[in-house]
Amino acid sequence: MTPAKLDLSPLRRAAAWRPAEYAFWLLPVAAFFLFPKSLALLSQIAITALFCLSLDLILGYAGIVSLGHAAFFGLGAYAAGLMAKYGWGDPLLGLAGAAVMAAAAGFLTSFLVLRGTDLTRLMVTLGVSMMLYEAANKLTDFTGGVDGLQGVDIQPVLGMFSFDLYGKTAYWYSVAILFVMFWLARRLVHSPFGLSLRGIRQNVGRMPAIGAPVNARLVAAYTIGAAYAGIAGALLTQTTQFVSLDVMAFSRSAELLLILVLGGTGSLYGALIGTMVFMAAHHFLSDINPQYWQFWLGAALVLIVLFARDGIMGLLRKLSTRARTSS
Amino acid sequence: MKLTKTLTAAVFALGAALSAQAAEPLKIGLVLPMTGPFAAYGKQIEHGVKLYLERNGDTVAGRKVELIVKDDAPGTAGDVSKRLAQELVVKDNVDILAGFCLTPSAFAVAPLATEAKKPMIIMNAATSAITTKSNYIVRTSMTLPQITAPIATWAAKNGIKKVFTVVADYGPGHDAEGQFKKTFLAAGGEITGEVRVPVRNPDFAPYLQKVKDTKPDAVFIFVPAGEAGIGFMKGFQERGLAQAGIKVIATGDLLDEEVLDAIGDPALGVISSFHYSEAHKSPENLAYVAAYTKAYPKDRPNFMSAGGYDGMHLIAEVLKKTGGDASGDKFIEAAKGMKWTSPRGPVSIDPATRDIVQTVYIRKVTKVGGKLQNVEFDQVNEFKDPGKQ
Amino acid sequence: MTIIFDGLAAGMLLFLISVGLSVTLGLMNFVNLAHGAFAMLGGYTCALLLSRLGVPFLLAVPAAAATAALAGVILERTLYRRLYAATHLDQVLFSIGLIFMAISTAHYFFGATQQPIVLPEFLKGQINLPGLDVGIYRLFLIGVGLVLAAGLQWMVSHTNFGAQLRAAVDNPRAARGLGINVDRVFTLTFALGSGLAGLGGALGIEMLGLDPGFPVKYIVYFLIVVAVGGSGNIKGSLLAALMLGVFDVAGKYYLPQVGAFVIYAVMVVMLIVRPQGLFGRSAAK
Amino acid sequence: MTPVLQTRNLSKRFGGFFASKDVSLSIEPGARHALIGPNGAGKTTLINLLTGFLEPSAGEVFLKGEDVTRLAQHQRVKRGLVRTFQINRLFAEMTVLESVTLSVCERLGLGWSWWRPVGDHTAAIDEAAELLATLRLLDVAHEQTRSLAYGRQRMIEIALALAARPQVLLLDEPAAGVPTDESRELFETIAQLPRDVTIVLIEHDMDLVFRFAERISVLVGGALLTEDVPEVIAKDRRVREVYLGEALDG
């Protein structure tokens, strides 16, 4: 007795690609031709976007706040860097190694963040990342400490495209990886697994009552988020051929959280757009006013919170509804 | 150094003659932390560079100098520095990369300098190995072993037998510790204890207590200039270590002119070795300090501004020599062996290592006209970086 | 013994600079990461009064607290008020924005250098007892901290204002119904929180230094104390701060190679054992 | 016949206070069983103990003869023991159809499937739609849950539980806060559930209880006072005292 009355297509086709999405992914192609001399910045935007996506998976979907996500980014960065230093310089192999490394760490630490309030989680993730930071700082022989890890020798991508001064290879490589990872994440959030994560975020108390093992799901989500962060870290290592201790710093975690909230949590495009806007604003402001640019960034943040609380995605959604209702 | 002067004059004349042909502006990209925890460093270096241009005109070998400052805050993130340097090369088409406050930013950019064949002037970062990372690197600041070894030698010669070392727990701190131990032990001294403290360390009490308990003749301290040095010195005084007969010996970073006032009187009497002091007695320095104070009345000239000033000086002199040609290979060839009299005293670029050779002074903090100053009383001439020997 | 004393003093300093946050976060449930900016304001006020105007230290410190409290009132009236109902994340974002602005402003007016401060003679030096060296300034900090903790505890649990505050936080609508001026209570509490921050900032310069990076540099420490103590709990914050101070100092003395590890490890372990903090009955509120 | 749900000396202590005390309960398959008692009698606590939301201080819970005392909540759900909540626990930002599909997916064991989008799991969606049709919620299938009126949200609370295909359904005051006419409709829906679903109900409205329940257990102070068919309970002096006493206090 399938009810003939109900049109199921809104849910059936929820995961279909929309025209705006196709248009969005033309942006990186357009950017390549429009700003051929800013590819270094554009690559780092792509990498940060992937990093931000990883936080979105755990915060925006699974609802775990973290102030220590840079730990996984850093682990990935070091994993890829060390692999390259000791002869495993193939980029894709490096990404895989970084993902495995970060996922393992994510899995182990996920058990620490299952309990507690947001504040507790913030502080536990922060504490874990600070300890990793100190460890990386202490293991100077291994990581280079504050001086950074050098001698990161990356082979050409797929054995064909070597990293060049203009950053063309780095750019296409970063964008390609971002796209593939985004595509996977997009599948994931639209799947029943993704739906269950949304369920956990919206009402964690109900999930066990419909038979969902909440802790196991959170562990899985956290592990996946960590793996994503690890891949982003590895990309940074490979495109800059250097690892600085700063990859694990608190400021990186905090800034990331900022970017994500700015873009809007719980929507993958929010993570991407937030990164683009933040990094571009950062770049232009600091170029115009290298000493005091932070003031304007701060002012922008305050205004956003006061007048556009759901982040950029929320603003866009509001605008599109308004456009629809008026037309 | 009469020879240097004549040489400089000759080069100057030659450069002036050739300058007419090169008319394109000379673009210099300064990669410096202008915000964040190391903002004070970036500011000082920028001051140095700008002061040079102010005093000597902003046209070098006929080319007008154009500075492009990029904020690589926090200064320790190699990826940021590298991206900015890459942009400077690719987008802004700079002729010379300069600045580089901290070691990781220098390390991260080094391969880029090699690839782009651009001269890269290190104006502060002090890890010894930096100049080995690219053949296009020249340094006008100092290296840690270079400023550390003399204090160890001095201490051993002046009745200090037992030393406790306290260094910040990061690369440069480890370098300083290693060099101090090496030199001091070789000179017959004894290390009674060593401790590495976290870089961001609000309280030195436990370490100072440990020092006090082991009763050395002196404590050797290396921490990044800033609040760590202040905390150490204040704690040192509070705890009465001086009364217990313990001296402080340090590299000059601790007593950088910018933080000296913030440390205040507890700094009096501390002995350090360093390459620059505001109180250095030479006509060059007197004129330099006067010009600096006039241009930046809020700040005091220190070793970082000297690094920036001399970096710009080097660029200017090299261009005069090459006739305005700033291409990597020519620039570096011309820079090798360059000698001049800096506000800090006579300096030169070691042709073999492209690192700076300079006089390192032993100084004591004294009040001069109501102002705390590092007054020099001993020196090691033409001292090369011992880290590369 | 000296080590324990030093640990207590370090802990008390932690308490002094974070108790204001405990007030705003715990009692008002507002994640004010810009806490450090208020502390910095207090610090600069104190430093300037001391060095430029020659105001005595014991006057400059309360003046610093008052300035920070005043700034708190102004900002609460104009900005913070709008965000009481917002999510914690929004509050975090907002206060980070304020931090950025505060850093740049301080940088602009005072430069990036460390501010000098000279303590009055009677707070300098050390008293040497057999087996125990007591730094006078440290003793002073411990005294101020204890007085403050006792005063706050008394105020929250025994005064009319404390009762009004608790009612206003638990249920603003009901409190309004009871004739409590909720807006005023919140403004005053916020002023208290920022005033405490200013006080901590002023007292902390001697040991922590003061430059525009201050609000970010010690943010981690504030948060640790508040999280471990259970936010909003004066006694909890005090105990947590003292414990962290003692662990930290003792760790550094006996196991210097472990260094900064100790404080984070202690925090993580404590949070896992007691996710609500030491005394976190109302922490989840 | 083996009882489908059984407890043995189930107790829960908070400090010195017994929220549940030595409750031994036995519920037959297909039962329509009500739990009543004054406020604070421990009805919700009992449901929390049965479903694993709370861990008992002593005693056991058996489901279809199996000891489930140590099983986690979701494992009991998998075995057919499902509950609703006194205060709605819904997915505010999902559409009604999404919410119910989520619950169906969990039952079908699709919760770990991450490759195919929800929209491709047609069986799950069809089943969710069917359930909505039964509960007369089709017209709001694509509305966001939070935009609905309270009465309908209460229906979704039940729909989420039904999507888990319970064998034993524990309803904690399903009509709480629902206007009278809507609550009647709601109970009609409950009454129409097939007999292979055993229903245990907490309800304050005695009218509804006596109309619906076939057996009633009375809880007082965490302990089981008595259990019988409605006619007997209605005449029980002790029960009336309990309620009368409460009425006097109130």
Side-chain angles (χ1 to χ4, degrees), chain A residues 1-17 57 60-61 63 114 183-221 223-224 265-267 310 314 317 321, chain D residues 51-53 72-79 82-85 88-95 97-122 124-130 132-134 138-139 141-142 145-146 157 160-161 163-164:
Chain A
M1 187 202 79
T2 307
K5 292 183 273 183
L6 184 64
D7 177 17
L8 293 175
S9 57
L11 184 54
R12 285 260 170 80
R13 290 205 217 113
W17 283 72
L57 284 176
Y61 287 90
L114 290 179
W183 180 69
L184 287 174
R186 198 178 175 286
R187 287 212 77 111
L188 186 126
V189 303
H190 283 107
S191 72
F193 176 70
L195 187 63
S196 82
L197 292 183
R198 280 168 60 200
I200 289 173
R201 190 192 177 194
Q202 290 180 25
N203 198 333
V204 68
R206 184 62 191 240
M207 290 305 282
I210 59 171
V214 171
N215 282 357
R217 293 278 156 79
L218 288 179
V219 168
T223 307
I224 294 169
T265 57
S267 87
D310 297 321
R317 238 176 271 135
T321 351
Chain D
T51 51
F53 271 68
Q73 305 162 43
H74 68 269
Q75 289 168 313
R76 300 187 202 197
V77 174
K78 287 266 176 273
R79 286 166 174 74
V82 186
R83 69 174 294 185
T84 66
F85 293 86
N88 280 344
R89 291 191 174 187
L90 302 175
F91 306 110
E93 281 151 50
M94 290 186 195
T95 66
L97 182 62
E98 270 177 326
S99 307
V100 177
T101 306
L102 166 61
S103 189
V104 173
C105 282
E106 290 298 339
R107 195 197 82 244
L108 294 172
L110 292 171
W112 289 107
S113 133
W114 67 276
W115 181 248
R116 282 167 61 204
V118 174
D120 287 1
H121 293 279
T122 40
I125 297 183
D126 287 346
E127 188 187 323
E130 225 167 280
L132 290 183
T134 324
L138 269 190
D139 55 321
H142 295 303
T145 305
R146 68 153 157 226
E157 178 74 29
L160 290 179

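Just so it is clear: chains get the letters A, B, ... in the order the sequence lines come, proteins before strands, and each one is counted from 1.
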> With respect to chain A, which residue among Met94(D), Lys78(D), Arg116(D) yields the maximal number of heavy-atom pairs within a distance under 4.5 Å?
Replying inline: Met94(D)

>> If you compare all heavy atoms of His142(D) against all heavy atoms of Leu11(A), which two are closest, and at what distance to 0.1 Å?
In response: CE1-N, 4.5 Å

> For the residue pair Pro117(D) and Pro192(A), what are the closest heavy atoms and their distance?
Replying inline: C-CD, 4.4 Å

> Side chain, backbone, both or neither: which part of Glu127(D) has an atom under 4.5 Å from a heavy atom of chain A?
Replying inline: neither

> Taking Arg76(D), Arg79(D), His121(D), Glu157(D) one by one, which has the highest count of heavy-atom pairs under 4.5 Å against chain A?
Replying inline: Glu157(D)

>> Using the side chain to side chain contact (heavy atoms under 4.5 Å, CB included) criterion, which residues pair with Ala72(D)? Sequence neighbours excluded.
In response: His74(D), Gln75(D)

> Relative to Trp115(D), does Arg187(A) satisfy both conditions: NZ or CZ under 6.0 angstrom from the six-membered ring centre, and within 45 degrees of the ring's axis?
Replying inline: yes

>> Give me the atom names and distance for the closest heavy-atom approach of Phe91(D) to Met207(A).
In response: CZ-SD, 3.5 Å

> Taking every heavy-atom pair that is under 4.5 Å apart, which of Val118(D), Leu108(D), Thr101(D), Val82(D) has the most such pairs with chain A?
Replying inline: Val118(D)

> Looking at Gly199(A), Ser9(A), Ala14(A), which makes the most heavy-atom pairs under 4.5 Å with chain D?
Replying inline: Gly199(A)

> Where do Gln202(A) and Glu93(D) come nearest, in terms of heavy atoms and distance?
Replying inline: OE1-N, 2.9 Å

> What's the spacing between Leu197(A) CG and Leu102(D) CG if we round to 0.5 Å?
Replying inline: 10.0 Å

>> Under 4.5 Å from any heavy atom of chain D, what part of Arg186(A) do you find: side chain, backbone, both or neither?
In response: neither

> Which bit of Ser103(D) comes within less than 4.5 Å of chain A, counting heavy atoms only: side chain, backbone, both or neither?
Replying inline: both

Exercise answer: donor-acceptor pairs, residues 208-221 of chain A side-chain atoms, under 3.5 Å, sequence neighbours excluded:
{"from": "Arg217(A)", "atom 1": "NH1", "to": "Ser196(A)", "atom 2": "OG", "distance (Å)": "3.3"}
{"from": "Arg217(A)", "atom 1": "NH1", "to": "Glu106(D)", "atom 2": "OE1", "distance (Å)": "3.3"}
{"from": "Arg217(A)", "atom 1": "NH1", "to": "Glu106(D)", "atom 2": "OE2", "distance (Å)": "2.6"}
{"from": "Arg217(A)", "atom 1": "NH2", "to": "Glu106(D)", "atom 2": "OE1", "distance (Å)": "3.2"}

>> Can you give me the closest heavy-atom contact between Arg12(A) and Thr122(D), atom names plus distance?
In response: NE-CG2, 3.2 Å

>> Counting heavy-atom pairs under 4.5 Å with chain A, which one of Asp139(D), Ile125(D), Leu132(D), Thr51(D) comes out on top?
In response: Ile125(D)

> Picking from Ala15(A), Pro10(A), Gly266(A), which has the most non-hydrogen pairs under 4.5 angstrom with chain D?
Replying inline: Pro10(A)

>> Nearest 0.5 Å, please: how far is CZ in Arg206(A) from CZ in Arg83(D)?
In response: 8.5 Å

> So what's closer than 4.5 Å to chain A heavy atoms on Thr95(D): side chain, backbone, both or neither?
Replying inline: neither

